[in-house]
Protein chains: 2
Amino acid sequence: MPIVSVTTSSASLAELTGRDRILQEAAELFLTKGYGDTSLRDIASAVGIQPASIYHHFSSKEVLFTEILRIGIEHTTEAFDRTNADLNADAPPGIALLAHVEAHLTALFDHGPYTAANIVVFPVAPDAVKAAVVPIRDAYEQRWDTLLRELATSGQLDPDLDVRMARRIVLGSINSTIEWFNPTDSQKDAQSVTDLAKVMTDLVWKGIGA
Amino acid sequence: MPIVSVTTSSASLAELTGRDRILQEAAELFLTKGYGDTSLRDIASAVGIQPASIYHHFSSKEVLFTEILRIGIEHTTEAFDRTNADLNADAPPGIALLAHVEAHLTALFDHGPYTAANIVVFPVAPDAVKAAVVPIRDAYEQRWDTLLRELATSGQLDPDLDVRMARRIVLGSINSTIEWFNPTDSQKDAQSVTDLAKVMTDLVWKGIGA
DNA sequence: GTCTATATCTTGATAGAC
DNA sequence: GTCTATCAAGATATAGAC
């Protein structure tokens with residue numbers, strides 16, 4: 001159960017309550033223009049309120065940004081845990097990997113700017129924001145380490161790779177799709193996130209060679 | 001032959017002439033703190049000059065940033081072409097891929113912030129900067145399309161992937177190493193960029209499965 | 001090619017009414 | 001919970017001396 005309920009994916013933009021609308025619009029702007037080039041005036045204007053009103057919900061711009069990143073990780077972590085719960089205990093490792101890649105990519109493309117901001121904007125975030133977010137990121141990455149360790153101990157992973165490096169490669173590779181994949185306009189090879197998950201799982205599992 | 005000679009990798013920081021020192025320090029700051037949160041004051045202070053002096057070399061902050069990104073792509077493109085020239089005409093496709101992955105990664109980690117900024121900061125760059133840089137990015141990507149098309153026509157590429165998608169996956173995957181690989185501190189699996197290139201070529205070619 | 005000085009604008013944030 | 005009004009600091013950029 002999440003500590004804070006997030007209504008971003010269920011409700012349409014106009015229906016969102018004040019705080020959530022600020023988060024949504026801010027996340028979109030941060031993702032598009034970056035943190036430093038997005039002013040509180042920009043955000044307020046997008047929401048349709050005055051800049052000062054933001055401070056009723058968030059004590060500073062950094063706190064607002066931190067909360068956006070936190071929500072994104074929360075979505076992703078919950079998707080991982082849900083997938084684990086759904087997986088049959090003796091599912092073959094290939095299936096488990098595919099399921100988690102799909103869960104990760106779905107979280108990435110379904111919760112719009114919250115999850116994407118963790119990939120695109122986090123690397124250049126202010127130090128205070130990074131420091132606040134790193135622990136929650138770590139908790140998510142450890143879930144992947146556990147998953148990949150199981151693959152390694154059952155001899156399914158390239159023995160030359162250690163688990164941490166494998167995780168970085170896998171997550172880095174699937175995260176990089178954020179730069180070009182758009183689930184709304186259908187593409188030749190991957191029309192849906194499910195298609196994309198299949199393609200990317202094939203990449204990390206078998207490579208792109210024929 | 002490059003239009004503008006760039007002395008960034010050959011000369012040490014203190015030896016750089018005015019213009020190049022500004023570029024170097026600015027690139028480092030943009031990469032660390034992002035574009036919007038890096039002021040011309042920050043850059044001037046890092047170089048040891050006054051903010052106004054920057055305008056003798058660059059007409060605006062956006063022009064300075066654009067030039068940084070351009071230099072990064074120039075390095076990478078030249079590395080690609082050099083690799084092509086060095087490759088034996090009848091080298092096996094696996095070798096050609098490995099050589100180009102290594103060339104790309106070497107450019108990425110050897111020219112410090114210039115190339116890295118193209119991955120980390122470009123996605124949130126101002127529209128004017130993006131517009132100026134996109135054409136040169138495209139020219140580089142087309143080189144990869146050509147390379148991968150050759151692999152595809154010789155039946156070495158997964159036939160379910162089209163060339164554009166394969167290129168995005170390959171470049172996205174190897175570029176994502178910028179987030180965690182550090183050539184200066186040796187790591188367990190990849191101590192050098194050459195090691196990293198081997199690991200990443202294996203990923204895109206054969207996957208990480210055992 | 002770098003400086004001092006400064007113009008002009010925008011920024012994050014606060015105070016206090018409603 | 002949103003508003004008006006405003007502050008103090010920092011932003012990009014310019015003018016002109018050396």
Side-chain angles (χ1 to χ4, degrees), chain A residues 4-5 7 11 13-30 32-69 117 121 124-132, chain B residues 4-5 7 11 13-30 32-69 121 124-130 132:
Chain A
V4 179
S5 86
T7 53
L13 222 171
E15 293 166 349
L16 291 177
T17 164
R19 183 189 142 100
D20 284 346
R21 276 216 62 193
I22 294 170
L23 285 165
Q24 178 76 23
E25 299 284 0
E28 248 150 49
L29 285 165
F30 287 152
T32 309
K33 315 201 309 172
Y35 177 76
D37 275 327
T38 301
S39 68
L40 293 174
R41 283 172 166 80
D42 291 337
I43 298 165
S45 159
V47 176
I49 57 175
Q50 294 301 312
S53 306
I54 295 176
Y55 287 89
H56 177 74
H57 301 279
F58 305 96
S59 59
S60 75
K61 190 187 175 188
E62 288 195 350
V63 166
L64 166 60
F65 187 31
T66 303
E67 176 66 0
I68 286 167
L69 296 177
V121 201
V124 288
D127 289 341
V129 175
K130 275 186 179 166
Chain B
V4 180
S5 86
T7 54
L13 222 169
E15 293 166 349
L16 291 177
T17 163
R19 185 188 140 100
D20 283 345
R21 275 215 64 193
I22 294 169
L23 284 165
Q24 178 76 23
E25 299 285 359
E28 247 151 49
L29 285 165
F30 287 153
T32 309
K33 316 200 309 172
Y35 178 75
D37 274 326
T38 301
S39 68
L40 294 175
R41 282 174 162 80
D42 292 336
I43 297 165
S45 159
V47 176
I49 56 174
Q50 293 301 311
S53 306
I54 295 176
Y55 286 88
H56 178 73
H57 303 278
F58 305 96
S59 59
S60 74
K61 189 186 174 188
E62 288 195 349
V63 166
L64 167 59
F65 187 31
T66 303
E67 177 65 0
I68 287 168
L69 297 177
V121 202
V124 289
D127 289 341
V129 175
K130 275 187 180 165

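Values reported hereafter were calculated over all heavy atoms of this structure, with side chains retained and with hydrogens, waters and symmetry mates removed. Each chain gets a letter, A, B and so on, in the order the sequences are listed, and its residues count up from 1.
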Exercise for the section: Could you walk me through whether B:Val47 and B:Ile54 pass side-chain contact (heavy atoms from CB on, under 4.5 Å), step by step? Expected result: CA-CA 10 Å; B:Val47 176; B:Ile54 295 176; over 6 Å; no
Taking [atom1] from [X] and [atom2] from [N], how many angstroms apart are they, rounded to a whole number?
| X | N | atom1 | atom2 | value |
| --- | --- | --- | --- | --- |
| B:Ile49 | C:dG1 | CD1 | C1' | 9 Å |
| B:Gln50 | C:dC3 | CD | C1' | 7 Å |
| A:Leu64 | C:dA13 | CG | P | 10 Å |
| A:His57 | C:dG12 | NE2 | C1' | 17 Å |
| A:Phe58 | D:dT2 | CZ | P | 11 Å |
| B:Arg21 | C:dT2 | CZ | C1' | 14 Å |

Practice task
Establish, with yes or no, whether the OP1 or OP2 oxygen of D:dC3 is under 4.0 angstrom from a side-chain nitrogen or oxygen of A:Ser53.
Solution key: yes
Problem - Any A:His56 side-chain nitrogen or oxygen under 4.0 Å from OP1 or OP2 of D:dC3 - result: no
From [X] atom [atom1] to [Y] atom [atom2], the distance as rounded to the nearest 0.5 Å:
| X | Y | atom1 | atom2 | result |
| --- | --- | --- | --- | --- |
| A:Lys130 | A:Leu69 | NZ | CG | 11.0 Å |
| A:Ile68 | A:Glu28 | CD1 | CD | 10.0 Å |
| A:Glu25 | A:Leu16 | CD | CG | 8.5 Å |
| B:Ile49 | B:Ile43 | CD1 | CD1 | 9.5 Å |

Handout entry: Heavy-atom donor-acceptor pair, B:Ser60 side chain to B:Val63 backbone, under 3.5 Å
Key = yes
Handout entry: Under 3.5 Å side-chain donor-acceptor pair for B:Ser45 and B:Asp42
Key = no
Exercise for the section: Apply side-chain contact (heavy atoms from CB on, under 4.5 Å) to A:Glu67 and A:Arg19, showing your working. Expected result: CA-CA 11 Å; A:Glu67 176 66 0; A:Arg19 183 189 142 100; 2.8 Å; yes
Fill in the blank from the handout: Readout for nucleotides 6-18 of chain D: B = base within 4.0 Å of protein heavy atom, S = sugar-phosphate only, - = neither; 5' to 3' it is -----BBBBB---
Completion exercise
Bend of the helix from C:dG1-D:dC18 to C:dC18-D:dG1 from end-axis comparison, five pairs per end, nearest 10°, comes to 10°
Exercise for the section: Decide whether a cation-pi geometry holds between B:Lys61 and B:Tyr35; the criteria are a distance under 6.0 Å from NZ or CZ to the six-membered ring centre and an angle within 45° of the ring axis. Expected result: yes
